[in-house]
Amino acid sequence: MLSTIAPVSRTGKHERSPLLTNAREALRSSLLEWYDRAGRSLPWRVRPEDRAAGVAPDPYAVWVSEIMLQQTTAQHAAPYWRAFLRRWPTVRDLADAPREEVLAAWAGLGYYARARNLHACAQTVANERGGVFPQSLEDLRALPRVGEYTSNAIRAVAFDKPASVVDGNVERVLTRMTAMQTPLPGARLEIRVLAAELASPVRPGDYAQAIMDLGAVVCTPKSPRCSACPWSAWCAGRRTGHPARFPLRQKKKSRPVRWGVCFHVTGQGRIWLRRRPETGLLGAMMELPGTGWTDSAPDPTEIDKACPFEADWRRAGRVRHVFTHFSLELEVICAAAPEGWRPDVGGWVPLTGIDQAGLPSVMMKAVRLGLETRPV
DNA sequence: AACTCGTGGAA
DNA sequence: TTTCCAAGAGT
């Protein structure tokens, strides 16, 4: 008769489970066995056989990957990681790079505070730590954009030191394993305690990647492949018959709509762009100049006030873009720059190679839409 | 604690 | 179409 792991009480107090104590070693070894056999390949990963042969990961490469992977799929992040590592092979190279180039290289990846902090962190490590990443959780945690998860991930993956990673995958795996009744995000403390007890002191780097792989490949959000799971025998979620119901979640707020207008001004094969404010949404990234984004349809007088010059403005249409906490309806209106007109803010950017100009996705959509109406 | 902060793939 | 949600952090 196989046992399941007992759930933790709603109060967050840990009811020490003898089953966990007894099963812990079996869970660890079966997961590592599965990981070795699965052989999942990721560009930043040192394969378990290579690690066993003494190949040490490059902490810089691991750090870049972990920042990119925050709330981002491996598939989306992979080409960016390759481009960054090829262009800036060491933390010193990244620290010495002009900031606009780093931001432009990040364009399209989202959460742009990550790019600003990546550059700042590279300069901290290069200039104040001789280019060497710290190994302690405390020192890692002090670096910009390195939080609870990322500090543990770097410590485990890069240095193969004992650490407990809790990302979205681990949350899903462990809430299913225990059929946890506490909804997220309130369950985070229970999950952290459970994850820490389970984390392996043996091959900590491989274990950390293995438990995340398990969530990414087997214990998937919609249709978990329990028959392929090394932990299925211990899984309380599977025994409920509906493992995909876990983790339970609090209801989410609905997403409001905001509206704005932007000006697509072209001339001599160039387009007018400006840089956004340092902080906030799309902070420090390039954009098409326009009105602010408001929670009601654009006011004609506001459009007039933001309008750079009198012209035969043509509507290109609307870009619909979904951000995390609101969606945007962005009206794009086009005109050719009048003879002799010069932008007071921002400047001209050649349309050839606009893909490399460092525009975030929403602005790239607006540029393309405008070009359909006014080809240049 | 509850918000803010992007994007794109999957179902 | 809508909804979910990715190797989360900062405030």
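First the proteins, then the strands, lettered A, B, ... as listed; each starts at 1. Computed from a predicted model, the values in this text were never measured in an experiment.
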What's the gap between C:dA7 and B:dC5 when it is taken at their P atoms, as a whole Å value? 23 Å
Can you identify which nucleotide, out of B:dT7, B:dT4, C:dG8, has its nearest atom closest to the A:Tyr112 side chain? B:dT7
Does A:Arg249 reach a base, just sugar-phosphate, or nothing at all? Heavy atoms under 4.0 Å. sugar-phosphate
Can you confirm whether A:Val367 sits close enough to A:Ile271 that some side-chain heavy atom of one is under 4.5 Å from a side-chain heavy atom of the other? yes
From the options C:dA6, B:dT4, C:dG8, select the nucleotide whose nearest atom is closest to the side chain of A:Thr73. C:dA6
Verify the contact: side-chain N or O of A:Gln71 to OP1 or OP2 of C:dA6, cut-off strictly under 4.0 Å; return yes or no. no
Hey, which of A:Phe263, A:Trp341, A:Phe309 is the one that makes ring pair (Phe, Tyr, Trp, His ring centres under 6.0 Å) with A:Trp272? A:Trp341
If only side-chain N and O atoms of A:Arg172 are considered, is one of them under 4.0 Å from the OP1 or OP2 phosphate oxygen of C:dC5? no
Residue-phosphate contact under 4.0 Å: A:Lys253 side-chain N/O, B:dA2 OP1/OP2: no
Any side-chain N or O of A:Arg114 below 4.0 angstrom from OP1/OP2 of B:dT4? no
Under 3.5 Å side-chain donor-acceptor pair for A:Arg145 and A:Gln70: yes
Which nucleotide, B:dG6, C:dG10, C:dC5, lies nearest any side-chain atom of A:Arg141? C:dG10
Do A:Tyr111 and B:dG6 have a side chain to base donor-acceptor pair shorter than 3.5 Å? yes
How about A:Phe84 and A:Val102: do any of their side-chain heavy atoms sit closer than 4.5 Å? yes
Would you kindly check whether a donor in the side chain of A:Thr324 faces an acceptor in the base of B:dG6, or vice versa, at under 3.5 angstrom? yes
Strictly below 4.0 Å: does A:His321 bring a side-chain N or O up to OP1 or OP2 of B:dT7? yes
Out of curiosity, A:Thr294 OG1 to A:Glu302 CD, how far, rounded to the nearest 0.5 Å? 8.0 Å
For a quick test of reading the model: is some side-chain N or O of A:His76 closer than 4.0 Å to OP1 or OP2 of B:dG8? no
Measure distances between side-chain N and O atoms of A:Thr72 and base N and O atoms of B:dG6, and say whether any donor-acceptor pair falls under 3.5 Å. yes
Hey, does the side chain of A:Thr150 come within less than 4.0 Å of C:dG8's phosphate (OP1/OP2), counting only N and O? no
